[in-house]
Amino acid sequence: MRRHLSRFRTASAAFGGPLERRLRRLSSLERREEARAFLDSYHDAVGTGAAGRARRWQEVRRELSRADHYEHTPEELAYGARVAWRNHARCIGRLFWESLEVVDCRGTSDPDGIAERMDRHLRDAHADGRIRSIISIFDPVRGTDIPAWIESDQISRYACHRTAGGGWIGDRQNIEDTMTAISMGWHPQDEPGPFDLLPWFIRDRQGRRIKVDLRPGAVREVAIRHPHADGLAALGLRWYSVPVVSGMILTIGGIDYPCAPFNGFYMGTEIASRNFADARRYDLLPQVADALAIPRDPSNPLWKDEALTELNRAVLHSYGEAGVTIVDHHTAAHQYMVFYNREQRAARRVAGDWRWLVPPQAGSAYDIFHLKMRNFHPVPNYYRHRGDDGLRLMPWYGDGYRRRPRIWRDRIMRRWKIWKRMAW
Ligand code: ARG
């Protein structure tokens, strides 16, 4: 009985924390399969000879059977991070997957080191407005050993303050993180406003939360103005120039990197049609319509469309004027089709998630809207939670030729894995 209990306790210690609950749980066999599939694709891509492949696989297999873990070489890591982007079904900007700059930060595991590196990351990514896509990859999970990781979804976010009347000012999505920040001694510089940059949080190896304050000036922001309607500037809208996503787990060849913050540049709709317009975010459409003198009455049922279009125009215009990289949704949708066709020419199928790929403006005006797509959840990839977008991740063999029995076996194995993951 005692043995049983203590086993239960170690298991819950290993799997009970906020990160552990999100990590994929792979059996040794699954890990081995993913490692093999990944190394094969890597060696195909770089053209390693048969002897080199065999040697590397020997090594990895031995490590896996010894410790259920292996270390990627820097080249494998860089390749894996780029392919993870290429595989990510929800990203419309994948045309540029090969240009991702990968910074190998393994070995940096103290919170100070991580904070310092992220400061540098922000600076390099912003460059002089010509945004570079960068990923900083810190330590992977090694067996039951959880490294330090970043708890915040993004490095820069705006706070949300409750007002005395029960309302709120700021980005409602971050209400909880704002409360956490305040409980740890943070407060806005002046009066609470709608665009107060929050500190971000690291969890160290022991699971302790550490607050990291942004260095003043580390995050560059763009003030939003409309090219000809002056009324909009009076709303005092602004947004940061670089989104650094820090809440996703990178999985490569059966190894998970929970601390792998990466950035791209914005597509205008992310800010204008979602962050500013969503009812659960800034909910600004009525104010924007009023500021632009768009009538909001039954005679004008399309007032939201008008406000959305003008808000998008203002965001694109302001980033353009500030010299900060941004892409409009029509160009992004076109680039996606270029990516799609390129992948087909390379004999690869593209995993796509329609609900995420079609931009929230002018949906049917793009080819993507009419494109038949399927998300077959390939690895390497980025995911948030094993019970959600991480559930179905597994190697995809559908691009190569396989005999019938092999195809059937793959299909059954796929079902079995998903069933097993749901049952756990
Ligand atoms: N949608 C998120 C935001 O508005 C950013 C997600 C990543 N976007 C990107 N363009 N890489 O902050």
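Read the numbers this way: they start at 1 and go in the same order the structure lists the ligands and their atoms. What you see is a predicted model; the values in this text were computed from it and never measured.
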Show me the short polar-atom pairs for ligand 1: any N or O of it lying under 3.5 Å from a protein N or O, with distances only.
from	atom 1	to	atom 2	distance (Å)
ligand 1	1 (N)	Glu270	OE1	2.8
ligand 1	4 (O)	Asn275	OD1	3.4
ligand 1	4 (O)	Asn275	ND2	2.9
ligand 1	8 (N)	Glu270	OE1	2.8
ligand 1	8 (N)	Glu270	OE2	3.4
ligand 1	10 (N)	Phe265	O	2.6
ligand 1	10 (N)	Glu270	OE2	2.8
ligand 1	12 (O)	Gln154	NE2	2.9
ligand 1	12 (O)	Tyr266	OH	2.6

Just list the side-chain donor-acceptor pairs under 3.5 Å for residues 357-372, sequence neighbours left out, or say none.
from	atom 1	to	atom 2	distance (Å)
Gln361	OE1	Ser273	OG	3.1
Tyr366	OH	Gln361	O	2.7
His370	NE2	Ser364	O	3.3

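- Checked for salt-bridge contact, Arg384 and Asp388 miss the test: no charged N lies under 4.0 Å from a carboxylate O.
- Sorted by first then second residue, the salt bridge (charged side-chain N to carboxylate O under 4.0 Å, His left out) pairs that include residues 91-105, not counting sequence neighbours, are Glu101-Arg132, Asp104-Arg106.
- Ion pairing between a basic and an acidic side chain is recognised when a charged N comes within 4.0 Å of a carboxylate O; Arg56 and Glu59 show such pairing.
- Contacts classified as salt bridge (charged side-chain N to carboxylate O under 4.0 Å, His left out) and involving residues 176-188 (residues at least two apart or in different chains) are given here: Arg157-Asp177.
- For Tyr336 and His334, the side-chain atoms include no donor-acceptor pair closer than 3.5 Å.
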